[in-house]
S.K.: 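My questions all concern the structure below.
What you see is a predicted model; the values in this text were computed from it and never measured.
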Amino acid sequence: MIIVLKPQQNQEQIDSFVQKLTSRYDVTVNTWVGTHSTVLGLLGDTTAIDDEYIAAQDVVEAVRRVQEPYKKANRKFHPEDSVITLPGGQTIGGGRLALIAGPCSVESEEQICGVAEAVKESGAAFLRGGAFKPRTSPYAFQGMKSEGLELLSKAKKKTGLPIVTEIMSIEHLPLFDDVDVIQVGARNMQNFELLKRLGRLDKPILLKRGLANTVEELLMSAEYIMAEGNQQVILCERGIRTYETMTRNTLDISAVPVIKRLSHLPVIVDPSHASGVSWLIEPLAIAAAAIGADGLIIEVHNDPPHALCDGAQSITPAQFDSLAKRVTQVYDMVQAL
């Protein structure tokens with residue numbers, strides 16, 4: 001970190017500020033005195049230093065970080081790709097395309113078990129399904145909650161597929177014992193108290209990018225989880241809000257290689273939420289596989305026109321079967337290049 005001091009600071013003021021830095025943070029300070037200003041170079045772990053606090057000091061003119069503020073998620077400190085491995089042997093990362101599929105929301109035992117069996121047969125390694133549903137309207141279907149989690153567990157017992165489902169509140173955590181991968185949705189990406197609590201679990205966390213958040217903000221949210229001890233983080237690009245109105249969101253396909261350049265964490269893509277329309281899911285999924293995504297999370301419903309949630313962006317099990325074959329072929333072909 002580099003701190004530029006305001007001009008005409010006397011030595012006593014500089015020494016006092018340096019003393020404040022070294023007593024408050026675990027850093028050493030190098031000082032360069034120029035013709036018009038003095039520059040301080042901070043060496044050591046600067047992750048705990050609040051840029052805004054430093055900038056607010058009377059003697060400071062500017063603050064600049066030399067390295068990114070995320071350390072644990074940073075590829076510079078962890079050059080090898082991380083691979084998330086579940087007790088059942090399922091993996092995300094490591095050169096295999098992980099397919100996560102299932103309905104937006106759990107509606108009945110027949111529905112979730114039927115879809116789980118179908119997507120497993122087509123190659124899905126994980127079952128997704130919403131029990132707690134964040135909705136824009138307070139009058140929309142909010143999910144079956146604890147009953148939905150029970151039905152997901154029944155589908156897991158029947159198929160062996162590990163469960164991926166979203167958590168809305170820290171208060172719900174005791175209900176998630178049988179959940180294999182806890183999803184943090186776009187709306188909760190910066191719910192830092194929730195992230196810190198999840199960071200104290202020994203369980204993979206699937207972290208979705210917020211609809212108006214930068215890649216760096218996504219990585220900083222991952223850092224909140226990892227700083228608490230949980231290194232099992234999966235990042236998800238699910239589309240961001242732009243000026244375009246033809247789709248629900250705009251899939252930032254460039255985010256996949258950008259994140260992979262910056263971080264060692266696995267990256268998956270959600271073409272369902274990115275597009276909002278079922279006919280776009282397959283081409284976006286193929287694009288994600290071609291660009292090197294580690295997995296896909298796709299909404300599959302046995303009867304999309306009558307779905308209680310997001311039917312327009314859901315595909316049928318038959319459509320998923322066709323998609324799974326194509327994206328796997330594309331992924332394997334690109335990996336072989």
S.K.: What distance do Gln183 atom CD and Met168 atom CE have between them, rounded to the nearest 0.5 Å?
M.R.: 11.0 Å
S.K.: Hey, what do you get for NZ (Lys154) to CG (Leu152), rounding to the nearest 0.5 Å?
M.R.: 11.5 Å
S.K.: Are the side chain of Glu223 and the backbone of Ala73 linked by a donor-acceptor contact shorter than 3.5 Å?
M.R.: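 Yes, because the side chain of Glu223 sits within donor-acceptor range (under 3.5 Å) of the backbone of Ala73.
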S.K.: Step by step, would you call Gln57 with Ile3 a side chain to side chain contact (heavy atoms under 4.5 Å, CB included)?
M.R.: CA-CA 11 Å; Gln57 304 305 305; Ile3 301 173; over 6 Å; no
S.K.: Between Asp252 (side chain only) and Glu237 (backbone N and O only), is there a donor and an acceptor less than 3.5 Å apart?
M.R.: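 It does not hold such a pair.
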S.K.: Please check: side-chain N/O of Lys158 versus main-chain N/O of Ala116, any donor-acceptor pairing under 3.5 Å?
M.R.: no
S.K.: State plainly whether one hydrophobic cluster holds both Leu235 and Val258, where clusters connect Ile, Leu, Val, Met, Phe, Trp and Tyr through side-chain heavy atoms under 4.5 angstrom apart.
M.R.: yes
S.K.: Any chance OH of Tyr331 has more than 12 other-residue heavy atoms, nucleotides or ligands included, within less than 6.0 Å?
M.R.: yes
S.K.: About how many Å separate OG1 of Thr250 and CD of Glu244, when rounded to the nearest 0.5 Å?
M.R.: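 One finds 6.0 Å between CD of Glu244 and OG1 of Thr250.
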S.K.: Does the side chain of Phe132 reach to within under 4.5 Å of the side chain of Leu149, using non-hydrogen atoms?
M.R.: yes
S.K.: How about Val215 and Arg209: do any of their side-chain heavy atoms sit closer than 4.5 Å?
M.R.: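 Yes, side chains in contact.
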S.K.: Could you tell me which residues satisfy side chain to side chain donor-acceptor pair (under 3.5 Å) with Glu282, sequence neighbours excluded, listed by chain and number?
M.R.: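 By the side chain to side chain donor-acceptor pair (under 3.5 Å) rule, Glu282 matches Arg326.
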S.K.: Under 3.5 Å, is there a donor-acceptor pair between the Gln319 and Thr316 side chains?
M.R.: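 Note: Gln319 and Thr316 side chains meet the donor-acceptor criterion.
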S.K.: May I ask you to test the Pro271-Leu280 pair for a side-chain heavy-atom distance under 4.5 Å?
M.R.: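 No; the side chains remain at least 4.5 Å from each other.
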S.K.: Is Arg64 atom CZ crowded by more than 12 heavy atoms from other residues, nucleotides or ligands, each under 6.0 Å away?
M.R.: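 No, not enclosed.
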S.K.: Work out which heavy atom in Cys236 is nearest to a heavy atom in Asp270; give both atom names and the distance.
M.R.: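 Heavy atoms only, the tightest pair is SG-CB, 3.9 Å.
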S.K.: Would a single hydrophobic cluster contain both Ile240 and Val267, if residues Ile, Leu, Val, Met, Phe, Trp and Tyr are joined by side-chain heavy-atom contacts under 4.5 Å?
M.R.: no
S.K.: Between Lys196 and Glu193, does any NZ, NE, NH1 or NH2 come within less than 4.0 Å of an OD or OE carboxylate oxygen?
M.R.: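 Answer for the salt bridge query: yes.
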S.K.: Could you give the distance from CD1 (Ile54) to CD (Glu52), rounded to the nearest 0.5 Å?
M.R.: 11.5 Å
S.K.: Compare all side-chain heavy atoms of Leu151 with those of Met144 and state whether any distance is below 4.5 angstrom.
M.R.: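 Yes; the side chains approach each other to less than 4.5 Å.
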S.K.: If you round to the nearest 0.5 Å, how far is CG of Asn230 from CG of Leu195?
M.R.: 11.0 Å
S.K.: Could you go step by step and tell me if Val59 and Ile14 meet the side chain to side chain contact (heavy atoms under 4.5 Å, CB included) rule?
M.R.: CA-CA 8 Å; Val59 298; Ile14 295 172; over 6 Å; no
S.K.: Return the minimal non-hydrogen interatomic distance between Asp321 and Ser122, and the atom names on each side.
M.R.: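 Where Asp321 meets Ser122 most closely, the heavy atoms are OD1-OG, 2.8 Å.
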S.K.: Step through the shown structure and confirm whether more than 12 heavy atoms of other residues, nucleotides or ligands are within 6.0 Å of CD on Glu121.
M.R.: no
S.K.: For the pair Gln13 (side chain) and Asn10 (backbone), establish whether a donor and an acceptor sit closer than 3.5 Å, ignoring hydrogens and angles.
M.R.: yes
S.K.: Is the side chain of Lys72 donor-acceptor paired with the backbone N or O of Met226 at a distance under 3.5 Å, no angle test?
M.R.: no
S.K.: What's the verdict on side chain to side chain contact (heavy atoms under 4.5 Å, CB included) for Leu207 and Leu265, showing C-alpha distance, side-chain angles and the deciding distance?
M.R.: CA-CA 11 Å; Leu207 180 64; Leu265 298 174; over 6 Å; no
S.K.: What residues form a salt bridge (Lys or Arg N to Asp or Glu O under 4.0 Å) with Asp81, not counting sequence neighbours?
M.R.: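 Checked Asp81 against salt bridge (Lys or Arg N to Asp or Glu O under 4.0 Å); matches are Arg75.
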S.K.: Does a side-chain heavy-atom distance below 4.5 Å link Leu201 with Leu198?
M.R.: yes
S.K.: Same cluster or not: Ile253 versus Leu262, using hydrophobic residues (I, L, V, M, F, W, Y) connected whenever any side-chain heavy atoms lie under 4.5 Å apart?
M.R.: yes
S.K.: How about Glu216 and Tyr70: do any of their side-chain heavy atoms sit closer than 4.5 Å?
M.R.: yes
S.K.: Are Ile2 and Leu21 connected, step by step, through hydrophobic side chains (Ile, Leu, Val, Met, Phe, Trp, Tyr) whose heavy atoms are closer than 4.5 Å?
M.R.: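 Result: no, two separate clusters.
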S.K.: Does atom CH2 of Trp279 have more than 12 heavy-atom neighbours from other groups under 6.0 Å away?
M.R.: no
S.K.: List, by chain and then residue number, the residues other than Leu206 in its hydrophobic cluster (Ile/Leu/Val/Met/Phe/Trp/Tyr, side-chain heavy atoms under 4.5 Å); write none if there are no others.
M.R.: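 Same cluster as Leu206: Ile84, Leu86, Ile92, Ile100, Phe126, Val164, Val181, Ile234, Ile268, Ile297.
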S.K.: Of the non-hydrogen atoms in Ser221 and Met189, which two are nearest, and what is the gap between them?
M.R.: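 The answer is OG-O, 2.8 Å.
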S.K.: Can you name the nearest heavy-atom pair linking Ala98 to Thr91, along with the distance?
M.R.: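 Scanning both residues completely, I find the closest heavy atoms to be CB-O, 3.7 Å.
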S.K.: Are side-chain heavy atoms of Glu299 and His273 found at a separation under 4.5 Å?
M.R.: yes
S.K.: Test Leu97 against Asp332 for side chain to side chain contact (heavy atoms under 4.5 Å, CB included), laying out the working first.
M.R.: CA-CA 8 Å; Leu97 185 68; Asp332 290 342; over 6 Å; no
S.K.: State whether the number of non-hydrogen atoms from other residues, nucleotides or ligands found under 6.0 Å of Asp50 atom CG is greater than 12.
M.R.: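 Check passes, neighbour count above 12.
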S.K.: Between Asp202 and Gln232, is any side-chain donor less than 3.5 angstrom from a side-chain acceptor?
M.R.: yes
S.K.: Keeping the roles fixed (side chain from Lys208, backbone from Asn188), state whether a donor-acceptor pair exists under 3.5 Å.
M.R.: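 Not a single qualifying donor-acceptor pair exists.
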S.K.: Can we say Glu68 and Lys76 salt-bridge, meaning some charged N sits less than 4.0 Å from an Asp/Glu carboxylate O?
M.R.: yes
S.K.: First locate atom CG of Leu127, then atom CG of Leu99, and finally report the distance between them rounded to the nearest 0.5 Å.
M.R.: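 The CG atom of Leu99 is 13.0 Å from CG of Leu127, to the nearest 0.5 Å.
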S.K.: Identify the heavy atoms of Val277 and Gln313 that sit nearest to each other, and give their distance.
M.R.: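 Taking every non-hydrogen atom into account, N-CB, 4.0 Å.
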S.K.: Less than 4.5 Å apart, any side-chain heavy atom of Val184 and any of Asn191?
M.R.: no
S.K.: Linking I/L/V/M/F/W/Y whenever their side-chain heavy atoms sit closer than 4.5 Å, directly or via other members, would Val327 and Met333 fall into one cluster?
M.R.: no
S.K.: Once the angle between the rings of Tyr53 and Tyr25 is folded into 0 to 90°, is it parallel (under 30°), tilted (30 to 60°) or perpendicular (over 60°)?
M.R.: perpendicular
S.K.: Is there a donor-acceptor pair under 3.5 Å between the side chain of Ser105 and the backbone N or O of Gly130?
M.R.: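 Pair absent, no side-chain N/O of Ser105 close to backbone of Gly130.
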S.K.: Does atom NZ (Lys6) have a neighbourhood of more than 12 heavy atoms from anything else shown, all under 6.0 Å?
M.R.: yes
S.K.: Quick one: does any side-chain atom of Arg65 pair with a main-chain N or O of Thr46 as donor and acceptor, under 3.5 Å?
M.R.: yes
S.K.: Of all heavy-atom pairs between Ile112 and Arg128, which one has the smallest distance, and what is that distance?
M.R.: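 Closest heavy-atom pair between Ile112 and Arg128: CD1-O, 4.4 Å.
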S.K.: With no hydrogens and no angle check, is any side-chain donor or acceptor of Ser263 less than 3.5 Å from a backbone partner on Lys260?
M.R.: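 Here the side-chain-to-backbone pair does not exist.
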